[in-house]
Amino acid sequence: MLPYSRALRALPQVARSSRYPLARLGTTVVVRLQHSAPAQREGEVVAGGSSPEVNVEKKQTKPDYAKINAEKKEKLLLQIKAINEEVSKEIQAGVLSNTVAELFFKQVEALPRVPRTSYLVAESFKDSITSIMEKATKEANDVNQQRVPISPLAVLKKAISHNVALPSHYVYVVSQLLAEGDSSNAMSLWVTYLENNVDSKRSFISLLPFYSLVTIAYLDLCISQKSEPELEKLQQLLQVKSLPRVHTLKSSLNTVIPQSDARFKPLSNALDGLFLFSVDPNATSLIVEAMRASELGETRTVHQTWNNIRKASELNGKKITEDTMVAFMKMFNTLNLTSEAQGIWNTLINSGIHPSTNAWNNLLVTVSKTRGPFAKRLGQVEYVKSKIPSPDDQTFATLIRVYTTLKEFEKVEEIAKDKMDISIVSQAYLQSLASRGDFSVVEQFLTTLKKRNIQLNQTSYNMVLAAALRQGHSEKIPELMKDMKREGIKPDIATYTIVMDHNLKELASRGEVFTDHAFELFFEELAQNGIKPNQFTFTAIMDNLAKNGSVEAAESFFRYLQAKKMASPVSYISLITSEFEAGRPSEGEDLFREFLNERYRVTASHWAALFKGLSRNGKTEELKSWLSSLEETPALLNRFSIYFLLTAAKSRRDRELAEQVVDFIARHKMKSVISSKTSEVIKDLERQMDLQLPEYLQG
DNA sequence: GGCTAGGACT
């Protein structure tokens with residue numbers, strides 16, 4: 001036996017020890033994760049101006065200035081404390097802001113002159129000034145208030161003149177000015193701030209809210225003056241090199257200006273434009289990020305990135321290269337968003353690029369995946385194929401894959417027969433055989449390849465392994481893995497995931513319980529081989545855990561996946577299904593709601609999992625309300641969902657639900673979603689509760 | 001290109 005399969009072999013042999021041991025695995029990781037959270041929080045203002053250390057080693061003959069200073073300081077602090085206490089007393093007693101402000105500043109004036117650069121005094125008055133401002137705002141909003149209150153701006157100006165104004169006070173007033181639409185005064189306050197703080201050190205973090213507001217004010221002024229915002233001008237204005245991040249700015253915008261305000265949308269667009277202007281549409285980082293998202297099924301992120309790339313190119317005139325376009329075509333193909341891929345192809349042609357063979361090959365995949373009957377898709381494939389100026393080996397391999405999905409196996413044979421010596425073609429052919437279902441044919445072809453001295457690559461081996469297991473030939477695994485080793489092909493994470501998943505299922509089928517030890521061995525072996533588990537590995541573990549352990553343990557594991565940004569539609573649906581199976585319909589529903597709010601493309605088959613779960617749990621009221629929610633998007637209801645809805649109506653004898661479903665089908669003219677099984681259920685319902693069918697469904 | 005989920009009958 002091979003050393004690297006030690007842990008895999010160990011999995012089915014583990015003892016039945018503790019009940020839900022993996023629950024601990026999940027929680028340990030989560031706990032560890034929480035502990036490693038960053039200790040420092042963004043936006044925390046560090047109190048400025050620490051008091052200078054007093055040097056006590058001075059000669060005793062001279063007057064003790066240090067002591068005198070310390071005494072002075074102590075006296076000052078006491079005075080400040082008294083002033084602050086008075087302010088809060090007055091405010092509590094309901095004294096008007098006008099008076100509070102007047103008294104307050106009079107007392108501040110009476111103090112020894114506050115040096116401009118000292119934050120010590122300013123810091124200690126921070127809260128008092130803020131509460132006076134807040135009181136003033138409250139009074140201004142109070143319709144019963146007769147006297148005209150002092151404005152927060154006036155409070156700020158006084159504070160400035162006494163050198164006790166802090167950035168947070170400016171921010172308070174600037175926010176109000178922005179909300180009122182007075183961006184030019186908001187901007188002048190920033191200039192005032194700069195003038196009054198020329199010598200002081202500025203911390204980017206503590207000024208972040210201020211920077212954000214000034215950026216918004218600047219953009220607002222640009223919009224109203226119909227001038228183009230410029231990044232450089234803004235940098236000069238703020239006197240910084242790096243600007244706040246887009247999401248920081250957007251959240252400032254959200255707090256200051258309500259979305260219903262007419263200025264909101266233009267400002268939000270201007271923010272995007274400002275930053276996209278400096279984006280290189282062909283930056284590798286963008287493609288890498290989009291590829292990560294597409295692997296996880298995060299459709300919205302891929303869309304957003306592509307849209308940003310297009311906007312950036314539009315703004316700064318940098319052309320999107322063919323490589324970038326093809327990369328996105330490929331991503332949209334994997335996500336089955338063929339109309340997007342088609343759109344990119346059109347852009348590519350319209351921008352005058354002469355498409356490479358690589359681009360053509362991707363188009364083949366696009367048209368083969370575009371929704372519609374197989375015959376129509378085949379026609380499109382043939383058309384594209386005939387247009388490719390110089391097909392390469394990759395084209396033939398792609399054609400084999402495409403014909404395989406369209407079940408055109410004769411065409412597969414035709415392409416493959418005289419190109420078996422081209423490695424990628426023979427691999428594609430082997431994969432085609434593996435996907436079909438007769439493992440003996442796969443084995444035969446493996447012998448042929450051996451005779452011809454053609455080696456399988458990693459992916460092909462994995463597909464063959466998966467095919468063997470899928471068709472119940474687990475006895476073939478050791479031999480295949482031995483071959484793999486002999487040919488120097490290393491098992492990768494996919495290999496491990498395939499075999500581990502199978503072993504867990506076998507273990508479960510024997511009624512055994514997973515133990516920590518088995519998983520420890522598994523992860524240890526991965527580590528020894530330098531292999532990192534991925535979202536597939538974890539999803540497989542979570543799925544098996546939910547089906548053969550406890551849903552609670554799976555939940556904890558799932559939260560860990562989320563924290564690691566490894567959750568996907570697959571892990572969501574797996575857990576949702578398990579919740580329903582475990583008789584926890586409300587947990588299943590909650591999770592489905594969460595799933596809808598994520599950035600995934602939710603499909604009809606995902607919805608079917610919800611309808612099946614609710615149906616099996618007899619939740620007819622919930623079924624009714626979820627069904628109504630699909631009124632605008634009836635395409636999300638497939639034949640399985642319809643079947644589950646109707647069987648629930650039948651078993652719970654819920655006439656209302658039955659009527660709602662048939663009515664839905666009739667109104668949306670969805671006859672095609674009625675399968676033969678479904679029509680039997682409908683007949684039962686007609687008999688059982690004398691259900692009247694709408695005209696559309698009769699016959 | 002592959003690995004994880006789900007889709008009628010229990």
Side-chain angles (χ1 to χ4, degrees), chain A residues 295-297 330 333-334 361-362 364-365 394 397-402 404-405 423-432 434-435 456-470 489 491-502 504-505 526 531 533-547 554 557-558 561 566-581 588 591-592 595 600 602-613 615-616 637-648 650 673-682:
Chain A
E295 270 172 33
L296 298 176
K330 201 170 182 174
N333 277 341
T334 3
N361 293 343
N362 278 287
L364 272 178
V365 179
Q394 189 60 57
T398 305
L399 279 170
I400 288 177
R401 279 187 200 105
V402 163
T404 303
T405 50
S423 178
I424 54 170
V425 175
S426 53
Q427 309 288 323
Y429 181 66
L430 174 68
Q431 291 164 15
S432 170
S435 73
L456 266 64
N457 63 23
Q458 223 175 19
T459 305
S460 293
Y461 263 115
N462 288 339
M463 285 189 78
V464 171
L465 284 169
L469 289 175
R470 204 172 42 238
I489 310 286
D492 64 358
I493 186 56
T495 323
Y496 275 93
T497 304
I498 293 165
V499 182
M500 176 269 293
D501 180 58
H502 173 263
L504 289 182
K505 286 187 165 70
L526 288 185
I531 296 171
N534 60 15
Q535 74 264 31
F536 294 97
T537 324
F538 289 129
T539 304
I541 290 176
M542 189 206 75
D543 183 58
N544 282 289
L545 188 59
K547 290 183 171 122
F557 206 78
F558 178 72
L561 280 190
M566 283 187 184
S568 70
V570 174
S571 49
Y572 266 100
I573 294 301
S574 160
L575 189 55
I576 288 168
T577 308
S578 300
E579 296 283 11
F580 284 122
E581 291 283 316
L591 203 56
F592 191 80
F595 176 50
Y600 307 118
V602 181
T603 66
S605 58
H606 298 143
W607 279 87
L610 174 78
F611 285 116
K612 179 183 178 182
S615 175
R616 292 282 188 266
L637 212 59
N638 68 11
R639 57 201 174 115
F640 300 108
S641 296
I642 298 283
Y643 176 85
F644 295 131
L645 281 158
L646 290 173
T647 43
K650 185 182 150 189
V673 295
I674 298 178
S675 64
S676 54
K677 288 271 176 198
T678 303
S679 57
E680 276 170 36
V681 182
I682 294 180

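Residue numbers start from 1 in every chain, and the chains themselves are labelled A, B, ... in the order their sequence lines are given, proteins ahead of strands.
In this structure, A/Asn544 reaches neither bases nor backbone, as no heavy-atom distance under 4.0 Å exists between it and the strands shown. Counting non-hydrogen atoms under 4.0 angstrom, A/Asn638 reaches nothing in the nucleic acid.
Residue A/His606 places its side chain closer to B/dA5 than to any other of B/dG1, B/dA8, B/dA5. The side chain of A/Ala540 has B/dT4 as its nearest neighbour among B/dT4, B/dC3, B/dA5. For A/Asp501, the side-chain atoms get nearest to B/dT4 when compared with the rest of B/dT4, B/dC3, B/dG6. The side chain of A/Gln427 approaches B/dG1 more closely than any other nucleotide in the set B/dT4, B/dG7, B/dG1. When distances are taken from the side chain of A/Asp543 to each of B/dG1, B/dA5, B/dA8, the shortest belongs to B/dA5. In this structure, of B/dG6, B/dG1, B/dC9, it is B/dC9 that holds the atom nearest to the side chain of A/Lys677.
Atom CD in A/Gln431 sits about 10 Å away from atom P in B/dG1, given to the nearest Å. In this structure, the CG atom of A/Leu504 is 11 Å from the P atom of B/dA5, given to the nearest Å. Counting to the nearest Å, the C1' atom of B/dA5 and the CH2 atom of A/Trp607 are 18 Å from each other. For the pair A/Phe644 CZ and B/dG6 P, the interatomic distance rounds to 12 Å; values are reported in whole Å. One atom, CD of A/Glu581, and another, P of B/dT10, lie 14 Å apart when rounded to the nearest Å. Rounded to whole Å, the distance from CD1 on A/Ile493 to P on B/dG1 is 19 Å. In this structure, A/Phe595 atom CZ and B/dG6 atom C1' are separated by 11 Å, rounded to whole Å. For the pair A/Leu399 CG and B/dG1 P, the computed distance is 14 Å after rounding to whole Å.
For B/dT10, the OP1/OP2 oxygens have no side-chain nitrogen or oxygen of A/Lys612 closer than 4.0 Å. For A/Arg616 and B/dC9, the shortest distance from a side-chain N or O to OP1 or OP2 is below 4.0 Å. Under 4.0 angstrom from either OP1 or OP2 of B/dG1 there lies at least one side-chain N or O belonging to A/Lys330. Contact annotation: A/Lys547 does not reach the phosphate of B/dT4 (side-chain N/O to OP1 or OP2, under 4.0 Å).
Under a 3.5 Å cut-off, the side chain of A/Arg639 and the backbone N or O of A/Thr678 do not form any donor-acceptor pair. Distance alone, capped at 3.5 Å, places no donor-acceptor pair between the A/Asn638 side chain and the A/Ala608 backbone.
Considering only heavy atoms from C-beta on, A/Thr404 comes within 4.5 Å of A/Ile400 through its side chain. The shortest distance between side-chain heavy atoms of A/Phe592 and A/Tyr572 does not fall below 4.5 Å. Taking 4.5 Å as the limit, every side-chain heavy atom of A/Leu637 sits out of range of all side-chain heavy atoms of A/Val673. Counting heavy atoms from C-beta outward, A/Leu430 and A/Met463 have side chains that stay 4.5 Å or more apart.
We find that the ring of A/Tyr643 and the base of B/dA8 do not stack by the test of centres under 5.5 angstrom and planes tilted less than 30°.
Not a single donor-acceptor contact under 3.5 angstrom links the side-chain atoms of A/Thr539 to the base of B/dA5. Taking 3.5 Å as the limit, the base of B/dG6 and the side chain of A/Ser605 contain a donor-acceptor pair of atoms between them.
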